[in-house]
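Accompanying notes for the structure given below.
Side-chain atoms are counted along with the backbone in the values below, which use heavy atoms only and exclude waters and symmetry mates.
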Amino acid sequence: MAGGTPAAGGDSLERFAAIWGRAIYPVTATSMTRAEFEQHLLPLARTLKDTLHAGRFDPRDAVPVGEGLVAAHCTDPEALPSILGIIDAYLVLFCGPVPGLPADECRVRCSRLQHAVAVGFSHAMRERTLHEQESISRAALNAKTEAESALAASEARFRAVFETAPVGIGIADLDGKVLEVNEALTRMLGSESYIRHRKAGEWAHPDNGSEAGQLNRELARGERDHYHIERAYPRADGSVLWADVQVSLLRDSAGRPQYQLGLLEDITERRRLLERLRHQATHDALTGLPNRALFFERLDRALSATDDQGVAQADRRIGVCYLDLDGFKAVNDSLGHAVGDRLLVAVADRLRGCVTSPDQLVARIGGDEFVALYADPPSQSAVTDLAARILKALSIPVLLDDRPLPVHGSIGIVHGPVGARGPADVLRSADITMYRAKERGGNRYEVADADADARAITRHGLTNQLPSALRHGEFFVEYQPLIGLEDGAVLGAEALVRWSHPVHGVLGPDQFIPLAESTGQIVPLGRWVLEQAAAQARDWQDGQFSGAAPRINVNLSPVQLGHPDLVAEVAAVLDETGLPPSALCLEVTESALIGADEDALKPLRRIADLGVAIALDDFGTGYSNLSSLRWLPVSVLKLDRSFTRGMRQQPADPIELKIVEGIVSLAHTLNLTVTVEGVETRTQAEHLRALGCDTAQGWYYGKAGPADQLHMLTLADAG
């Protein structure tokens with residue numbers, strides 16, 4: 001269901017089971033029809049969904065799903081990759097998302113569920129094999145019992161079983177000397193002479209632990225009658241045989257231990273299959289690096305305050321480096337995804353070379369994002385050294401098809417004690433810090449800071465809350481007066497939006513307008529401000545001022561300027577409020593118009609044609625060509641406060657006086673009025689009046705406040 005979200009409830013679960021059944025049924029040795037098989041999968045799918053949504057997530061609840069699939073005869077080696085692939089691709093889509101859980105954590109749960117299903121599948125396959133083996137073992141043991149009770153009558157029968165059994169059988173004395181082996185065991189290990197030249201206890205291999213030796217000694221002493229174990233045996237050709245081994249004690253007629261009987265089933269291929277499946281489930285298919293699932297598994301283990309035996313590990317710490325390639329999207333867009341994939345493979349190879357000890361791990365967790373884990377680093381500098389090695393490894397361009405491609409990255413570092421945070425919190429902090437490195441130019445690393453994390457999380461929260469804040473009426477508008485410098489009259493007011501946040505208090509526009517612009521929420525918010533300001537200006541015209549009512553100035557974001565409905569919205573607000581167009585001025589920043597072509601200016605020209613004034617805000621900060629003022633559809637220049645700081649006291653900065661005098665002269669020549677921002681002292685106001693500026697605003701005249709405060713200003717207050 002590309003482009004949409006699957007239906008909720010039972011329908012989505014049945015869809016998931018149907019897709020799952022279509023993928024698995026062709027490699028399933030079952031007598032069920034396809035429809036019956038899909039119905040069989042439905043409760044297994046429900047188990048996966050319930051486990052995914054569980055408040056206390058435990059992936060082990062999904063182990064029975066793997067067992068149920070084996071019970072349905074999904075035993076072909078090709079079945080398990082299909083089973084896991086469908087869970088990976090469709091479980092979250094049809095059975096998610098999990099309420100209150102980040103999408104990233106939901107995907108982590110899905111990966112861990114795949115691992116649990118694979119574990120259940122493997123266990124069930126093993127039990128199935130053991131069941132078959134036990135049948136053979138019972139036959140052999142029955143033959144042994146008959147031989148002990150009637151040796152002469154059963155010798156031929158036992159010999160037939162011994163020689164023709166599909167499993168390897170060997171008999172040794174209590175010291176381990178091999179007495180007899182069957183043909184199957186000879187084929188498994190290479191030759192009979194190779195077997196007989198070693199005692200049973202001398203078949204050592206590095207992958208074997210000490211458990212088998214202890215069990216064998218207990219059996220030889222008669223303390224146990226059998227044991228069951230998996231172990232590795234070296235073959236005559238130097239290769240390794242993995243076998244499922246059952247060893248039984250044979251007693252004489254008096255019950256004394258006499259021989260050892262070993263049954264060996266070759267499980268080498270099954271073990272290799274499981275290792276391949278485990279590798280596929282925990283490693284990235286493109287780069288071969290550990291994937292997100294294995295990384296979180298290792299990170300979870302590294303963050304545990306206890307070791308594998310449950311012993312507390314005091315003073316242990318954790319180090320994580322979160323790497324994102326700078327400009328990788330441009331490579332994909334310009335050179336294609338095939339080149340991008342080759343670049344990722346080259347980067348992965350370099351990252352492998354940065355790992356210098358077993359307690360370090362590099363993984364690819366998605367796209368062009370990689371992460372390095374340093375379990376229990378000796379110091380923070382050891383983690384920053386790892387980050388520096390990574391940046392150095394990436395500093396040399398990658399050569400692809402004789403084309404050098406520069407590659408750089410930004411790294412966020414987290415270093416701290418274990419047990420304090422979970423894996424998702426650690427990765428989120430590293431991710432936030434990585435973006436801080438990008439904001440500072442990239443090709444560098446930054447170390448996580450709790451205060452910076454809190455600010456980033458707050459910004460993220462504010463971004464998400466913007467739509468509901470607008471619906472719930474949390475915004476309000478304040479008005480800062482615009483004063484005529486000639487007579488001190490209140491000629492206008494600039495509308496400034498504020499956010500009355502229920503947690504953070506009153507927030508100024510600098511704290512949320514950039515967030516609204518980055519998400520597009522500035523469009524509905526800007527329209528709301530325009531509606532409120534226009535309605536207030538209409539009220540002023542209806543009698544709150546004895547003289548001419550002030551004009552209202554409303555800021556227009558560059559994002560709004562590019563919105564196709566801007567002109568229609570402005571016209572609609574004027575029509576709805578009854579405000580004359582001449583009573584409205586829209587302020588556009590100079591930077592928004594730098595380099596703008598005629599198509600970009602058309603909306604402003606159409607608004608100006610309605611009779612609405614256009615002010616060029618922050619003039620002088622964008623280094624624009626002054627000649628462009630001749631063809632821009634503006635009628636007001638708002639001079640940036642940076643031009644008047646030297647006028648706060650006497651004597652004024654002579655250079656600033658000359659600059660402002662020149663701008664005012666040019667503006668008046670072009671029939672533009674000049675407004676100056678940031679006037680804070682009487683001296684500034686007197687200089688600006690002498691230079692011929694038309695209007696001014698700033699704290700000297702009044703801070704932004706409620707609408708009813710504006711008409712209470714007197715000429716004495718403003719002059």
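- In this structure, the separation between CD1 on Ile411 and CD1 on Ile390 is 4.5 Å, given to the nearest 0.5 Å.
- A donor-acceptor pair is defined here as one N or O able to donate and one able to accept, closer than 3.5 Å; such a pair exists between the side chain of Ser334 and the backbone of Ala330.
- Listed for the Gln560 side chain is no donor-acceptor partner under 3.5 Å among the backbone atoms of Leu566.
- Phe512 contributes atom CZ, which lies 8.0 Å from atom CG of Leu466 (distance to the nearest 0.5 angstrom).
- Side chains of Trp528 and Val497 form a contact here, defined as non-hydrogen atoms less than 4.5 Å apart.
- A donor-acceptor contact under 3.5 angstrom links the side chains of Glu517 and Ser557, judged on distance only.
- Salt bridge Arg444/Glu446: present, at least one basic N to carboxylate O contact under 4.0 Å.
- Nearest heavy-atom pair, Arg527 versus Glu576, reported as atom, atom and distance to 0.1 Å: NH2-OE2, 3.8 Å.
- The minimum heavy-atom distance linking Leu323 with Gly409 is given by the pair CD1-CA, 3.7 Å.
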Original post:
Can you list the steps and then say if Tyr479 with Trp540 is a ring pair (Phe, Tyr, Trp, His ring centres under 6.0 Å)?
Top reply: CA-CA 12 Å; Tyr479 301 88; Trp540 287 333; 5.4 Å; yes
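- Note that CG of Leu666 is 7.5 Å distant from CG of Leu672, once rounded to the nearest 0.5 Å.
- Summarising the geometry, atom CD belonging to Gln532 is positioned 11.0 Å from atom CD1 belonging to Ile552; distances are rounded to the nearest 0.5 Å.
- No side-chain donor-acceptor contact under 3.5 Å links Gln684 and Tyr700.
- By the 4.0 Å N-to-carboxylate-O rule, Asp542 lies close enough to Arg538 to be salt-bridged with it.
- Ring geometry, Trp499 versus Phe475: the interplanar angle falls from 30° to 60°, so the pair is classed tilted.
- Residues Leu604 and Val588 meet the side-chain proximity criterion, which asks for heavy atoms closer than 4.5 Å.
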**OP:** Would you check, one step at a time, whether the test side-chain contact (heavy atoms from CB on, under 4.5 Å) holds for Thr644 with Leu688?
**Re:** CA-CA 9 Å; Thr644 62; Leu688 294 170; 3.9 Å; yes
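- Every residue two or more places apart in sequence or in another chain that forms a salt bridge (charged side-chain N to carboxylate O under 4.0 Å, His left out) with Glu478 is listed here: Arg498.
- Residues Ile318 and Leu299 form a side-chain contact, since some pair of their non-hydrogen atoms from C-beta on lies under 4.5 Å apart.
- Of all heavy-atom pairs between Gly692 and His668, the closest is O-CE1, 3.1 Å.
- Here the CZ atom belonging to Arg389 is positioned 11.5 Å from the CG atom belonging to Leu391, to the nearest 0.5 angstrom.
- In this structure, His501 contributes its side chain and Val503 its backbone to a donor-acceptor pair below 3.5 Å.
- Taking each heavy atom of Val676 and Cys693 in turn, the nearest pair found is CG2-SG, 3.6 Å.
- The number of heavy-atom neighbours closer than 6.0 Å to CD of Glu486, taken from other residues, nucleotides and ligands shown, is 12 or below.
- Contact check on Asp326 versus Lys438 returns a salt bridge, with a Lys/Arg side-chain nitrogen under 4.0 Å from an Asp/Glu carboxylate oxygen.
- In this structure, the side chain of Thr669 engages the main chain of Ser665 through a donor-acceptor pair within 3.5 Å.
- Not a single donor-acceptor pair under 3.5 Å links the side chain of Ser429 to the backbone N or O of Val426.
- Using a 3.5 Å distance cut-off with no hydrogens or angles, the side chains of Gln697 and Glu494 do pair a donor with an acceptor.
- Checked for salt-bridge contact, Arg364 and Glu369 miss the test: no charged N lies under 4.0 Å from a carboxylate O.
- The shortest side-chain heavy-atom distance between Val477 and Leu496 does not fall under the 4.5 Å cut-off.
- Looking only at atom types and distance, the side chain of Glu569 has no donor-acceptor partner in the side chain of His563 under 3.5 Å away.
- No side-chain heavy atom of Asn553 sits less than 4.5 Å from a side-chain heavy atom of Thr675.
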**OP:** Would you sort out whether Thr433 and Tyr445 count as a side-chain contact (heavy atoms from CB on, under 4.5 Å), showing the intermediate values?
**Re:** CA-CA 8 Å; Thr433 308; Tyr445 65 76; over 6 Å; no
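- Between Ser518 and Leu515, the shortest heavy-atom distance links the atoms OG-O, 2.8 Å.
- Judged by distance alone, with hydrogens and angles left aside, the side-chain atoms of Arg689 form no donor-acceptor pair with the main-chain N or O of Gly484 at under 3.5 Å.
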Original post:
Passes side-chain contact (heavy atoms from CB on, under 4.5 Å), Leu394 versus Leu325? Steps please.
Top reply: CA-CA 9 Å; Leu394 298 179; Leu325 300 183; 4.3 Å; yes
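- In this structure, CG in Asp609 is found 10.0 Å from CD1 in Ile607, a value given to the nearest 0.5 Å.
- Of the candidates Arg109, Arg428, Arg292, Arg292 is the only one forming a salt bridge (charged side-chain N to carboxylate O under 4.0 Å, His left out) with Asp104.
- Nearest heavy-atom pair across Ala533 and Val554 is CB-CG2, 3.7 Å.
- Proximity of Val447 to Gln380: side-chain heavy atoms (C-beta onward) are separated by under 4.5 Å at one or more points.
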**OP:** Applying side-chain contact (heavy atoms from CB on, under 4.5 Å), run through Arg551 and Val636 and close with a yes or a no.
**Re:** CA-CA 13 Å; Arg551 185 169 67 179; Val636 181; 3.8 Å; yes
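- Checking Thr683 against Thr681 by side-chain atom types alone, no donor-acceptor pair falls below 3.5 Å.
- The pair Asp333-Lys329 counts as a salt bridge, with a side-chain nitrogen and a carboxylate oxygen less than 4.0 angstrom apart.
- When side chains are defined from C-beta on, Leu530 counts as touching Leu584, because their heavy atoms get closer than 4.5 Å.
- Taking 4.5 Å as the limit, some side-chain heavy atom of Leu561 sits within range of a side-chain heavy atom of Leu556.
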